[in-house]
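Working notes, beginning with the structure itself.
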Amino acid sequence: MPASLCVIPDSAPNTPPGRPSIHELECPVKAHEWVNGQYRLLVVSAPRAVLDCEPGQFFHLLCPRTDRFQPYLRRPMSIYSYDRAKGEISFLYKVAGEGTGALASLETGDSLNIVGPLGQGFEIRPQWRRPLLVARGVGLATLAPLAQECASLGLPLIAICSARSPDLLMSADLFRSFGAEVITVTDKQGNSDGESLAPMVEGLIRNRGIDAFFTCGSARLLRMLQEIGARHGIGGQVALEQNMACGIGMCQACVRPFRRDDGAVNLRVCREGPVFDLQEVL
Amino acid sequence: MPASLCVIPDSAPNTPPGRPSIHELECPVKAHEWVNGQYRLLVVSAPRAVLDCEPGQFFHLLCPRTDRFQPYLRRPMSIYSYDRAKGEISFLYKVAGEGTGALASLETGDSLNIVGPLGQGFEIRPQWRRPLLVARGVGLATLAPLAQECASLGLPLIAICSARSPDLLMSADLFRSFGAEVITVTDKQGNSDGESLAPMVEGLIRNRGIDAFFTCGSARLLRMLQEIGARHGIGGQVALEQNMACGIGMCQACVRPFRRDDGAVNLRVCREGPVFDLQEVL
Amino acid sequence: MADLTTRIGTLTLKNPIMPASGTFSEELAEVFDLNCLGAHVTKTITRGKRAGNPVPRVCEINGAMLNSIGIPSKGAQWFLQNTVPFYSDYDAPLVVSISANTADEFARFAEEVSVPGVAAIEVNISCPNIEDDGKAFAMKPGATADVIRRMRSATDLPLWAKLSPNTGEVVEVAQAAEVAGADALVTANTMLAMAIDSTTGRVRLGNVMGGLSGPALKPITLRMTYQCARAVSIPVIGCGGIATIDDVLEYLIAGARAVQVGTATFISPTTMPRLVRELDLKLAERGLAAVNALIGTVDVADEAIAIAEYA
Amino acid sequence: MADLTTRIGTLTLKNPIMPASGTFSEELAEVFDLNCLGAHVTKTITRGKRAGNPVPRVCEINGAMLNSIGIPSKGAQWFLQNTVPFYSDYDAPLVVSISANTADEFARFAEEVSVPGVAAIEVNISCPNIEDDGKAFAMKPGATADVIRRMRSATDLPLWAKLSPNTGEVVEVAQAAEVAGADALVTANTMLAMAIDSTTGRVRLGNVMGGLSGPALKPITLRMTYQCARAVSIPVIGCGGIATIDDVLEYLIAGARAVQVGTATFISPTTMPRLVRELDLKLAERGLAAVNALIGTVDVADEAIAIAEYA
Ligand SMILES: Cc1cc2nc3c(=O)[nH]c(=O)nc-3n(C[C@H](O)[C@H](O)[C@H](O)COP(=O)(O)OP(=O)(O)OC[C@H]3O[C@@H](n4cnc5c(N)ncnc54)[C@H](O)[C@@H]3O)c2cc1C
Ligand SMILES: Cc1cc2nc3c(=O)[nH]c(=O)nc-3n(C[C@H](O)[C@H](O)[C@H](O)COP(=O)(O)OP(=O)(O)OC[C@H]3O[C@@H](n4cnc5c(N)ncnc54)[C@H](O)[C@@H]3O)c2cc1C
Ligand SMILES: Cc1cc2nc3c(=O)[nH]c(=O)nc-3n(C[C@H](O)[C@H](O)[C@H](O)COP(=O)(O)O)c2cc1C
Ligand SMILES: Cc1cc2nc3c(=O)[nH]c(=O)nc-3n(C[C@H](O)[C@H](O)[C@H](O)COP(=O)(O)O)c2cc1C
Ligand code: FES
Ligand code: FES
């Protein structure tokens, strides 16, 4: 990384002192179920304060310590869904390692400490009328609330859901329930690679007037959409991941380089992101 | 502690190579109940190999890690009872801190990792025909299997059980079930102090022919019995405690000073003890 | 309400709880009112802009954290124009942590940040990332004295020297800082460490080595705090692995006049206000009227080394 | 069965797993057959008898251990008459760890323990308990070189220098030991630390300060192992916080030719035989024919420092 990168953009925090907008809370677990062999859906009760959140934002979860797992740092998780009426928020996560392994031990009635809502969510610009969602793996969780948002804005929605195998396409039905037209592709079926998807996306642009991309979950798909978007002048956004410590913007752990007017700049995924402009990602 | 103390006595380990006598084992928890507000009884299934144990020996328990408690070192616990026929061993312990707090979270069916049996148990010398057991607090657990041993040797037994309050006198009934005559004293009743007990012990020597002392659980009672024993020429044994790391004799953490022919010597509570000659304790 | 104030040289802090450099920023104002803190300590800044180290910049290991953030910095100008005004809304004193490559640069930079709104300068001579193999000014009494002495003549602001646990000469470095004119010591920065992914064989930090922080560091930095508090007469500010009120008490008992909370804020962003509250409660519980009554009360007397009682 | 042998200078060990000094003794033969180990390393002995430190000698803190055992010792005679014969029943080589107060004493003592049945001498120049404030020979390259040089001319046995994490000059000390004639390095001994009981205000070790060991130490000693393996050409033996097979792999990958297991044996006395077994399985799993294929393979290349992939 060139030493000339300026570390963080010249932006000051946007909340005046005395009005906390990020909360640390103990939330009772309402439900916690296996969605398939790898993913679990965790639903917690949450007060109104933290439900002022947006698709694309995330929470930082304090995973419990168990005899087997001893996670230390928090783990970032996208909001999978939130319901202000029911006072609940849910996370869809893949059991990957120490932290999520420990998270998986939570039972209904247990308490989960969460910090959030954090980061900048998706922005559906007014000129974007026909969005295409392209999600893979964990990205299916992150894009789910965006699909709901599109539905509530009355936007017609097409979603390409990609996964290793058909049983890991867990939120395709949820996308459908929001009225999305869902195209599923999997490695197993051999139709999830770039060569298969690029023509499909090009076709959707031609035939369905796609004018915005939203993606999450795959560097490969991101590169493909950047390339197609640049060629067709189609904008969009991507939700990124990076190892985090604080999640709030204090530690500078989670930076990634982005293209800005004056060259490259390191931005914090937890603060300026996790949602970024598609074309700015380096 | 004078620098002239020799650290460990000149004794080599007594088991020839190739015949392990100390075992590290995972044992399923058979039962785990509160005996009163402070003490719990933990029963685990154990194979025959570790049931070749003696009253006064102990096991070293690997307490689980929980979200709240993160013990690291093992915790030594006296054998409260063992039953070769049923293949079980039990511990009676006081919930004190980190380790025992974690231990208390074990549920039936969970697994407990134990190392043992460890240390030297009580020895009832042939000339000791009328033993007096004097136990306080946690010492009630350590002396319980000795009471059973006395019973099986057909020795008449008197036990003084001391505790802070009557509800903490948990093994008095067990002592009785082994045919012991039990005298209970408590701080609450005001009859557990040395001034009350010394005349009582003197009386028992006079009237009941007590010829050996076994004690555990109180430095104060130990001093008293040393003094009375020395005066009357009555021998005996005491089970001691000391902070431990290895429990096996490797680390020299658990030493205490003892009187030996050639002056003072540091002995390992885990190895040369936990049971020592009453008069040797400094 | 007990008297929580503590004096660090000429500064009086309303309580002994403050953030550790690099684990605190303006963003925390979105979690709680920063006015509840004893002081505000900035991330270390350098005079010019710096990008910091390659990612991954953090990893966790056995209940501790490693970081090789480096010193990304927006430079002196940004600090003066944005950071100082932001914190001027608060009455807690602002402490700016600075770093430089030479004693001279340290002095010139100190002068530059000696502006109204800045209450003290924390001299980061201990960042193990900035120089090769963890070498830093705070590794040697001579280099430490040199930096502090030059800064002393360049600014009137109190100078807090942040020491390193990586040196074998903790006491000598502490005394050198005192003699050279430091107003306080901070014990300590992170310990140089490393992690490898056993599956891939890769180092787990972009910068190969990084600094250990969190609970695993506490026994080491508590020891340094004790050693330094005995060896110097300027105030010592404890830092390393503080997360609970017991940790705070232990540092105060060891001789610290205040403490800095680092990694714990990542684990629980409300740690510091909670500690302020709990400190007040603990003092009350023990019938102590002031935090001062705890400082340096560590008991190393014979009672502690007697044979353990077993009653 | 993979080839687990590893060469430490002129000695060939049947596998790279051995105990760390002070965490092993004859008594462990009652738990498993000691012949399964790569070597046997004794608790540090001194020439004369010593009592060791006051109790409490150990405490635990945040998933780590502190000890201030000191060096209780039954002296040279007992070692020669009892320890050597005991271990002569095994074919694993016996390594005797020794300590002394001066370089001269070290040399004379080395000569005395250079008897048949002793395969190597581990030179404990790093015990933080023995000298004031954790100062030991291994704090300084000069003092280290002095001890090793004199011992080198007093014995033909291989000399393993046990280094300290308390020095700020790890690499210099390692190189000094090599130049002076050490045949291997052991990285490392415990880190000087301290614990206080927040309720009573008492220090938790009879000796006030003591050595940190266990998992919390690993990131520090793994870093030292990596630094030393790059800086010297004699074998480095890793030590610090090893409890799992992943820990073993990490040390080997960092450049260690063998490892020592300390505190983990207290937590689980069967740790070492388990690690030998698991090492064999891991090598098979990875299709490696020999433990040698792992040693020093750490990957610090650009791939590791690229932006984290998120697919
Ligand atoms: C903003 C954001 C939103 C996310 N949303 C989701 C989601 O909705 N569902 C989901 O399943 N996963 C999501 N992830 C990824 C999730 O955070 C990781 O899978 C999780 O941290 C892995 O932790 P672990 O301890 O189980 O795995 P380990 O591999 O043991 O983790 C080791 C360390 O690496 C970090 N880490 C590992 N993978 C990632 C990753 N992909 N991104 C960032 N840090 C990582 C961990 O936080 C931990 O500190 C999200 C990540 C980010 C940054
Ligand atoms: C040989 C032996 C047999 C014992 N038998 C019993 C028994 O049958 N029932 C019972 O309730 N207790 C018994 N104890 C005491 C028991 O080991 C301690 O109560 C227990 O270790 C406390 O651990 P903790 O983590 O809950 O407490 P903490 O106070 O948090 O322990 C902190 C540290 O101090 C050590 N420690 C604390 N108290 C003692 C103690 N009294 N002796 C030795 N180490 C201690 C712990 O092991 C731990 O390492 C015995 C002790 C010994 C040495
Ligand atoms: C992510 C991170 C960044 C840090 N950056 C700095 C820094 O810029 N300057 C500095 O003096 N210390 C820095 N530190 C060290 C902390 O200020 C503190 O000394 C150390 O983390 C020990 O305290 P803790 O265990 O409470 O975190 C940093 C620590 C962390 C974890
Ligand atoms: C109780 C105890 C006693 C020790 N005694 C010695 C010793 O006599 N000589 C020595 O060189 N190291 C001694 N050590 C240090 C260990 O050999 C080892 O270097 C250290 O504990 C780090 O390894 P670990 O984390 O695996 O325990 C001792 C460690 C412990 C815990
Ligand atoms: S995780 Fe700390 S700045 Fe993003
Ligand atoms: S506990 Fe290790 S020798 Fe007794």
Shortest non-hydrogen contact from [X] to [Y]?
| X | Y | result |
| --- | --- | --- |
| A/G249 | C/S25 | O-OG, 3.8 Å |
| C/V58 | A/A253 | CG1-CB, 3.6 Å |
| A/C251 | C/I69 | O-CD1, 3.1 Å |

Using a cut-off of under 4.5 Å for heavy-atom pairs, which of C/A64, C/G214, C/G75 has the most such pairs with chain A?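 Heavy-atom pair counts peak at C/A64.
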Given side chains that start at C-beta, do those of A/R256 and C/V55 come closer than 4.5 Å, heavy atoms only?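 No - every pair of side-chain heavy atoms lies 4.5 Å or more apart.
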Below 4.5 Å from any heavy atom of chain A, which atoms of [X] appear? Answer side chain, backbone, both or neither.
| X | value |
| --- | --- |
| C/I267 | both |
| C/S268 | both |
| C/T23 | backbone |

Contacts with chain C made by residues 67-79 of chain A (heavy-atom distance under 4.5 Å), listed by residue number: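 Heavy-atom contacts from residues 67-79 of chain A to chain C are A/Q70, A/P71, A/Y72, A/L73, A/R74, A/R75.
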Can you tell me how far the CG atom of C/N53 sits from the CD atom of A/Q252, to the nearest 0.5 Å?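 Going from the CG atom of C/N53 to the CD atom of A/Q252 covers 12.0 Å.
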To the nearest 0.5 angstrom, please state how far the OG1 atom of C/T270 sits from the CD1 atom of A/I22.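 Here the interatomic distance stands at 12.0 Å.
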What residue pairs, at least two apart or across chains, pass ring-ring contact (aromatic ring centres under 6.0 Å, His included) with a residue in residues 262-282 of chain A?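 Non-adjacent pairs meeting ring-ring contact (aromatic ring centres under 6.0 Å, His included): A/F258-A/F276.
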Looking at residues at least two apart in the chain, or sitting in another chain, which of them share a side chain to side chain donor-acceptor pair (under 3.5 Å) with C/T244?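 Listed in chain order: C/D247.
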Stepwise side-chain contact (heavy atoms from CB on, under 4.5 Å) test for A/E24 and C/F32: CA-CA 10 Å; A/E24 177 182 344; C/F32 64 86; over 6 Å; no
Qualifying residues under salt bridge (charged side-chain N to carboxylate O under 4.0 Å, His left out), relative to A/D52, sequence neighbours excluded: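 For A/D52, the residues satisfying salt bridge (charged side-chain N to carboxylate O under 4.0 Å, His left out) (neighbours in sequence not counted) are A/R48.
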Lys/Arg N to Asp/Glu carboxylate O, C/E30 vs A/R271, below 4.0 Å: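 Judged by the 4.0 Å cut-off on N to carboxylate O distance, C/E30 and A/R271 do form a salt bridge.
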